[in-house]
Structure formats: structure tokens, C-alpha cells
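Computed from a predicted structure; not experimentally measured.
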Amino acid sequence: MNDIDINTKNNDSDSVGDIDSSSSRGWAKLKRNKAALVGGIFLLIYIVCAFGAPVLFWGNPSAPDLINSLSPPCAKYLLGTDELGRSILGRILYGSRVSLMIAVGVVGVGLLFGVPVGLISGYFGGKTDFIIQRFTDMLLAFPGFLLALALVAILGVGLKNTVISIGISMIPIYIRLVRGCVLTVREEVYVEAARASGTKDRHIILRHILPNVLAPIIVQTSLGMGTAILFAAGLGFLGIGVQPPTPEWGSMLGSARAYMMGKPHVATFPGIAIFLAVLSFNLLGDGLRDAFDPRSKI
Amino acid sequence: MKAGMAPLLSIVGLKTSFHTLDGTITAVNGVDFDVYPGETLGLVGESGCGKSVTALSVLRLLNPSMTTIHGQVNFDGKNLLSLDPEEMRMIRGGTISMIFQEPMTSLNPILTVGEQISESLRLHEKLGRKKAWEKAIQMLEIVQIPSPELRVGEYPHKLSGGMRQRVMIAMALSCNPRLIFADEPTTALDVTIQAQIIRLLEHLKKGSNTSIVLITHDLGVVAQMASRVVVMYAGRVVEEAPVVELFHDARHPYTKGLLKSVPVLGGDKKTRLNEIPGIVPNLLHMPKGCSFHPRCSMTMDICKKESPSMIHFNKNRRVACWLATDDF
Amino acid sequence: MPVLEVENLKKYYPVRKGFLQRTVNHVKAVDGVSFHLNPGETLGLVGESGCGKTTVGRSILRLTPPTAGTVMFKGKDLGKMDRETLRKTRTSLQIIFQDPFSSLNPRMNVGQIIAEPIKNFEDLSKSKIRQRVAKLMTRVGLRSAQTGRYPHEFSGGQRQRIGIARALAVNPDVIICDEAVSALDVSIQAQIINLLRDLQEEMNLAYLFIAHDLSVVEHISHRVAVMYLGRIVELASARSLYKNPLHPYTKALLSAVPIPDPLVKQEQNIVLSGDVPSPLDPPEGCTFHPRCPMARDKCRTRPGYREIEPDHWIACHLYP
């Protein structure tokens with residue numbers, strides 16, 4: 001409809017400084033998105049907390065101080081203490097390390113298995129695709145959390161098993177996503193061009209298809225990390241996630257349940273931590289989605 | 001055109017800029033031209049020259065938050081650019097209508113052909129539901145669609161490309177417009193279908209006083225349909241002439257180059273085609289002076305420094321080139 | 001000896017319906033096409049959309065496997081080759097695509113795009129490859145300093161030059177130009193046509209030039225084949241096809257081309273009525289007969305494809 005090609009560069013005049021790529025355009029769009037920016041800032045704070053926990057909090061977050069148990073926020077304990085007198089601030093700070101580890105680990109498991117399987121399923125199609133898709137259909141028929149729960153029941157509790165269980169429950173999401181994207185990219189003329197110039201399938205997948213499906217994978221990674229934290233907190237709350245005394249937000253919330261009425265701060269602060277962490281990943285994920293979407297021009 | 005006749009549409013100093021992430025680009029940069037009642041004006045140029053944007057600016061179909069339009073578009077004693085949106089809406093599709101290049105994407109896939117034609121009839125002509133439907137059938141008959149009473153109830157995807165373009169034409173004509181912008185109306189069609197549509201448009205023009213602005217890059221279509229031609233390059237008008245003069249006595253080096261670069265059926269195969277070297281300049285990095293000078297074979301020093309002003313030979317003959325002089 | 005011989009090429013797409021995806025019908029995209037291509041020659045393949053001309057190109061390269069027929073490259077049957085031999089033969093058979101925007105991977109720079117076919121077939125050092133790429137870029141009219149740039153930084157015409165460089169990278173004998181200049185503006189189109197002609201002379205390339213623009217095809221081709229609904233209806237030298245078209249469809253097609261000269265009024269042109277029928281349900285016999293101004297009863301049977309003059313082939317009952 002409109003015949004302007006804003007990307008067309010005049011390469012005959014040796015104008016420098018026009019090296020922009022679709023990704024830098026994406027960044028410009030991301031920076032304009034206020035919600036994503038807020039998400040990014042929260043995320044940054046969260047990561048600083050995780051890495052800087054020993055610097056930000058000197059004491060031992062697991063050391064009980066029974067005299068001060070269930071203390072409301074005061075000068076010594078900024079966010080108060082839990083039933084064993086442990087600093088809630090310290091536990092939240094150290095808990096951020098645990099939840100970040102879980103987030104990265106879970107998404108890592110999802111990517112490691114989901115992406116290659118999705119690529120193969122989408123690119124080759126046929127019987128392989130059929131079998132893989134029925135398998136993912138099966139896994140997706142369970143609500144994700146229920147699947148993770150069932151896997152924990154099989155594998156047992158603990159940090160590692162939490163990561164593996166939630167990670168496995170995410171694999172089908174990645175397979176589905178990657179396969180869908182591959183089906184579109186596979187039909188691109190440049191993929192046909194690569195075949196016509198005798199490129200091997202392996203190279204076509206790695207050089208032509210994977211780089212062009214990265215954007216949605218990155219978006220899903222951000223959103224997936226939020227979900228992972230939420231799931232881990234859920235398992236912790238039920239007492240079958242990361243085990244105490246390791247500080248974990250969900251289990252903090254779980255043990256605070258008993259004091260909810262009299263001492264609401266014990267449950268409130270870990271709740272806020274979970275809320276903010278998940279929110280920041282989701283805001284960032286949505287921002288990334290808009291930024292990578294070529295149709296949005298804002 | 002015809003002596004003493006007042007123009008129907010008069011565009012004065014039209015300037016349209018888009019605000020993009022890379023900066024502001026001026027797609028139309030000071031375009032003037034008139035359209036007289038009953039004529040077919042060809043608006044010619046290559047992609048990016050601003051010919052489509054000109055039409056979209058006149059009809060105010062560009063997103064106002066991303067564009068700035070300056071200048072005047074006088075139609076029927078009113079400046080279209082200063083009308084309020086509601087008044088403009090009544091003009092669009094009523095007295096001025098548009099035919100788009102891609103009839104598939106310009107028709108709504110979930111409405112039947114009849115619903116789409118009668119919609120604008122009910123809006124602009126204030127016809128009742130039944131009257132509008134009957135008129136829609138009549139319009140399909142006018143654009144020579146076989147068995148219109150059956151076709152009227154069909155969805156666009158059931159029709160072939162040529163049929164869809166006929167429906168678009170029927171929609172454009174339904175409210176007896178005084179001016180039609182036809183943006184590449186035959187470009188998406190096969191030659192034999194293109195021939196049908198050209199013949200249809202010519203047939204419809206006979207005995208009506210509707211003016212057509214034919215926007216196209218296809219010199220063959222212009223030669224066969226237009227009576228007067230405006231050539232655009234990089235957002236500006238570079239030449240205007242009656243069609244015969246343009247094809248046989250072009251003055252601007254760009255127009256000359258363009259005419260010589262098209263292969264002609266039965267032409268001399270041994271000779272190489274005349275090519276215009278280089279590429280159309282990027283609107284973000286416009287060359288200084290005449291925007292055509294980096295590709296021009298007759299560039300002089302002044303061309304690199306200053307943009308040439310328009311030289312008028314007579315009422316409908318003008319060129320923007322430093323080489324052109326009054327006695328050229 | 002022809003470099004490429006296509007014999008009775010067919011490509012049917014099954015139409016599946018229902019829960020069991022049973023094949024209920026076939027779209028006969030290409031229905032028995034035969035021609036040959038000599039070294040250093042351009043054969044134009046024209047026709048309107050849906051006539052199967054693009055499918056012919058793709059079936060020859062086996063980007064989509066043909067349903068029937070043989071394609072012989074230098075006397076060897078492409079259909080009988082194993083995967084690896086076929087992959088190696090691709091050095092000799094290249095293709096240039098229509099859309100210079102979608103045919104280049106947006107995430108690869110120009111150097112990587114042009115180097116890919118070289119890397120596929122030759123084990124060269126990085127600097128050797130870089131030299132080859134630079135040479136190719138200069139040859140097609142790009143500056144070799146631009147190797148690090150990405151496709152979106154180029155205009156349509158320049159992107160098409162990148163596509164040409166990629167096709168030339170492995171020294172092919174045959175290039176299939178699939179609407180290679182159709183998406184370009186006229187002034188740029190002329191540049192690319194001239195470039196293709198120069199390259200042909202220099203490297204003795206054979207082109208199968210698939211396009212819908214008759215004037216362009218006539219200009220660049222030595223011989224031209226006209227397709228209608230999956231079949232070639234006429235094949236002749238470009239000169240005799242233009243001067244002396246025999247098939248009624250060719251005549252209509254030629255007369256429909258608008259002539260860029262307002263003094264030549266095309267009042268007498270043959271305007272075909274109706275649309276091209278669906279290849280799903282093509283008419284019996286000669287597929288053109290429902291639109292043909294000269295149709296007779298006999299046209300309900302399929303006409304043979306015969307050489308009625310030296311090098312002038314036609315499928316029409318009017319010429320017994």
C-alpha cells in the first residue's frame with residue numbers, strides 16, 4: 001500500500017553510521033516500552049540481590065534466634081523474623097539465589113531438550129514429527145503444575161529434582177513453540193535457496209532456521225523463568241520443593257501459613273518477592289515479544 | 001488541460017513526512033499538480049518515489065500519529081487537509097474513491113461482495129438495505145461480472161484476481177465519484193486479465209465525467225490509458241507532459257532513461273537495454289542538489305549543489321532540470 | 001548436445017479430503033512438459049499465474065520431486081541419482097529467485113550468503129573463500145567492502161545481485177531464473193537483465209528464464225516456450241514466436257501486452273474473455289478451448305505437441 005522502503009540504504013554514497021540491524025531496532029522499541037523497562041529494572045535488582053546476597057546481608061540466613069521469633073519489622077530485623085527468629089530479609093535475599101538458580105536451571109532443561117526436538121520435528125516433518133507431536137500432546141494434556149507435581153512424587157524432593165521436574169514439564173512447551181516457528185521459516189525462500197545450493201540439512205537447520213526462530217525462544221525463556229519461579233514456590237509451599245533450611249520463597253510462605261492471622265508480615269514479604277520476580281519476567285517477556293514483532297511499529 | 005476549465009483537484013506544495021525509528025523521512029517533498037474533470041492523469045515513478053503516498057495523503061489515509069502533511073489539497077473549493085475527520089470520511093468513498101493494487105487484501109474476507117458494495121452505498125447515498133443491494137447487483141453488471149445476482153452473495157476468496165479487481169472497481173464507482181485514485185490497479189493481474197480491466201476502465205470512462213489518477217510504474221499501461229502524465233522521482237515531480245509528448249519528447253534525463261530501459265515487444269534484441277546506473281536514493285540520506293544527479297548521465301556542477309526549480313514551458317508541460325531552458 | 005533435457009515432466013499435487021485424508025483429486029500443476037536447453041542458450045518460459053511455470057523450475061531442481069518424467073542433465077538422469085550425487089550435481093544447476101527480499105537469510109551477511117555454496121562443495125581456506133566472494137561481488141556490481149553487511153541494508157536490485165553472486169559461486173552450467181527481474185523497478189530491471197546477458201556470454205551459461213513479462217522474455221531469450229495450464233502450447237525461437245505466433249493463446253497473450261507508446265492504439269487486440277480455469281478441474285482436451293476464439297469440436301480432444309516448422313513446436317488442432 002505504501003511504497004516506502006525505510007530499510008533501503010543508499011550504499012553508493014559511502015554513508016557510514018547506517019549499520020542498524022533488526023535487533024538494534026528491537027532494542028530501540030524495547031526501551032520505549034515502559035512496562036518492559038520497569039520489568040527490566042526489577043529484574044536487575046533481583047539479580048543484584050541474588051549475586052550480592054552475602055554482601056547485602058552479613059549474617060547467616062539460616063541461623064535461628066529463638067528469642068526474637070516472629071518479631072515484626074524493627075531496626076535489627078528490617079522485615080522482621082520468622083517462627084525460628086531467622087531474618088526474613090536475609091532469607092528473601094538468599095532465597096533470590098535459589099529461585100534464580102531454579103529459573104535458569106528449569107529453562108535450561110526446557111531449552112536443551114525442547115529446542116533440538118522442536119527443530120527436528122518441524123524441519124523433517126513426516127512420521128518423526130507425528131510421533132513427537134503425539135508425545136507432546138500427551139504431556140500438554142496435564143496442567144503444567146500437576147505434571148511437575150507428579151514428577152516430584154517420582155523423583156523425590158530437593159533443589160535438583162525440583163529443577164528437573166519443572167524443567168521436564170516445560171519441554172513440550174518449547175517443542176511446540178519451536179516446531180511452529182520452524183514450520184513457517186522452513187517455507188521461506190532462503191531455505192529453499194540453501195537447499196538449491198546443496199547445503200546439508202544439518203547446516204540448514206543450524207545456519208538458516210535456528211537463528212530465525214531465536215526471537216520467540218527468547219521471549220518464551222523470559223516468560224518461562226517467571227513460571228518456573230512460580231512453580232518452584234508452589235512446590236515449596238506444599239513442602240515438596242526445596243527443603244529447609246535452604247531459604248526458598250515458597251517454603252517460607254508455606255511455613256508462614258500458620259501465623260498468617262497474627263503475624264501477617266511473615267507471609268507478606270516472601271509473597272511480595274515472588275510476585276515481583278514473576279511480574280518482572282512477564283513484563284520483560286511481553287516487552288520482548290512486542291519488540292521482536294515486526295508488525296508492531298511503535 | 002482544456003483552456004479555461006477549472007481543475008477538479010489541485011495539489012499545492014504537498015509534503016508528507018513519516019516519523020520512523022531511524023528518523024524523519026520525507027516521502028513526498030513539495031508535489032504540485034492539477035487534475036481536470038474527466039481526464040485520466042498518469043502518476044508514474046518507481047517504488048519509493050512517493051506516488052502512492054501522494055494519493056494516501058490526499059485521501060488522508062495515513063496514520064496521523066506517524067505522519068505530518070503540509071501543503072494544500074484543494075478539491076471542490078475545500079482544502080481536504082483542513083477538513084475535520086468526519087467530513088473527510090464522507091468524501092472518501094463518496095466523491096473521491098480509491099482502487100488498490102491488491103484486491104485480495106483490500107476486500108474484507110468475511111463479508112460478501114454485495115455487503116461490501118452496499119455498505120458504502122448506504123453510508124454515502126443513504127440508500128435502504130434493499131435498494132443498496134439492488135444497486136450492488138447493478139454495479140456488478142456494469143463492471144461486466146457474469147451472473148451478478150449470484151456473485152453478489154459470494155465471498156471474495158471465491159473470486160479470481162480479475163473478478164476481485166472488478167469488484168473493487170464496482171465499489172469505487174458505486175457512489176458516482178468525481179475522482180478515482182487507481183493505485184497500480186492492474187499490477188497484480190496477468191496480462192490477459194490486465195487487458196480486460198484496461199478495456200473495462202476505458203469503457204466506463206466513456207460517457208462519464210469522472211477523473212482518474214492512475215498511479216503505476218507500468219509505462220505501457222500509462223501510454224494506453226492516460227492523457228497527461230506526471231513523473232515523480234524521490235518524492236518530487238520531475239516532469240509533466242501530455243502523454244504523446246512525454247513518450248516522444250521527454251525532457252528530463254530520468255524520464256528519458258526510464259523510457260529507454262523498458263524492453264519493447266519486437267524491439268531490437270541485439271542492443272543492450274539502457275540502464276539507469278545506481279539505485280534510487282534512500283529517503284533518509286538524500287543527495288544534495290538534484291536528487292537524480294548521482295544517477296544522471298548529464299550531471300553538471302550545479303546539479304550537485306542546488307535543487308533545480310520547475311520550468312514551465314506551457315500550461316501542462318514542465319520539467320525540473322538544470323538542463324531545461326525555455327528554448328530547449 | 002543439450003545441457004538439460006526435460007521429457008514429459010509431470011507434477012501432480014494430491015488433493016486430500018476428509019478425516020482419513022483420502023486423495024480425492026489431483027491438481028495437475030505440470031502436465032507433460034518437454035523441452036531441451038542448449039549450452040549458452042536462454043529458453044524463456046512464459047505464461048500467466050497458475051500455468052505451472054514455476055513448478056517446472058522447481059521440479060527440474062527436484063526442490064519438489066516431480067510425479068513423472070525425466071530430467072537429464074548432461075545425459076544423466078537426475079531422478080536416478082542418490083541423495084549425495086544429486087547434492088553434488090547442484091553445483092551445475094543453480095537458481096535465482098523472484099523475491100530478493102525473502103530469498104536471502106536476514107541473519108546472514110552478504111559474505112556468508114555468497115560463501116555458503118562454495119563451502120558446501122569445496123574445502124578451501126578462509127582467505128581463498130574471501131577472495132572468491134570478493135571477486136564474485138565485484139563481478140555482479142557490488143563493492144567487495146560490503147561483505148559484512150546484511151540483506152536489509154540493500155535495495156531490491158542489489159539484493160538480486162547478491163542472489164546472482166550466490167548462484168554463480170559454484171560455476172554452474174545452468175541457471176534457472178524464476179521471475180528473477182519481476183519484482184524490480186524498470187530502471188533496475190534493465191541493469192539486471194544486462195548483467196545476466198553479460199554473464200551468459202562470459203561463462204557460457206544456459207538460462208531457463210521463467211517470467212510472465214513477455215517483453216522481457218522476448219528480449220533476453222533465444223527461444224521461448226508458452227505455457228497454459230500445465231502444458232507448453234507453443235515453443236519457437238523468440239523472433240518467430242513474436243513475428244509469427246501460431247497458437248491462439250500466444251496471439252492473445254502478445255496482443256494483450258500494453259505497448260509503451262501512446263501513438264500505437266491497441267484497438268484490435270484480442271481480449272480473452274473469462275479467467276484461466278482451475279488446474280483442479282481443467283477442461284477436457286485442449287485446455288484452452290473454452291476461451292479460444294477459434295475453438296472447434298475437435299478441440300475437445302487433446303492436441304498433440306508437434307514440430308510443424310523447424311524448431312517451431314505447437315499443440316493446437318488448427319495446425320494439422
Quick one: does any side-chain atom of B/T54 pair with a main-chain N or O of B/G50 as donor and acceptor, under 3.5 Å? yes
Flag the one option from B/H217, B/H248, B/Q194 with the top tally of heavy-atom pairs under 4.5 Å to chain C. B/H248
Give me the one residue out of C/N194, C/I188, C/L195 that meets side chain to side chain contact (heavy atoms under 4.5 Å, CB included) with C/Q191. C/I188
Max heavy-atom pairs within cutoff under 4.5 Å with chain C, candidates B/G45, B/G162, B/P263, goes to B/P263
In Å and rounded to the nearest 0.5 Å, what is the CG to NZ distance from C/L254 to C/K243? 11.5 Å
Return yes if some donor-acceptor pair links the side-chain N/O of B/E46 with the main-chain N/O of C/S187 below 3.5 Å, else return no. yes
So which part of C/S278 gets closer than 4.5 Å to some heavy atom of chain B, the side chain, the backbone, both or neither? neither
Chain C heavy atoms under 4.5 Å from B/Q196: which part of the residue, side chain, backbone, both or neither? both
Would you say the side-chain atoms of C/D178 pair up with the backbone N or O of C/F97, donor to acceptor, closer than 3.5 Å? no
Do the ring planes of B/Y254 and B/F292 sit parallel (below 30°), tilted (30 to 60°) or perpendicular (above 60°)? perpendicular
By number, which residues in residues 197-216 of chain C have some heavy atom less than 4.5 Å away from chain B? C/R197, C/D198, C/L214, C/S215, C/V216
Of the backbone (N, CA, C, O) and the side chain (C-beta and beyond), which part of C/I193 lies under 4.5 Å from a heavy atom of chain B, both, or neither? side chain
Does the side chain of C/I162 come within less than 4.5 Å of C/Q158's, by heavy atoms? no
Between C/H247 and C/Y249, how do the two ring planes meet: parallel, tilted or perpendicular, split at 30° and 60°? perpendicular
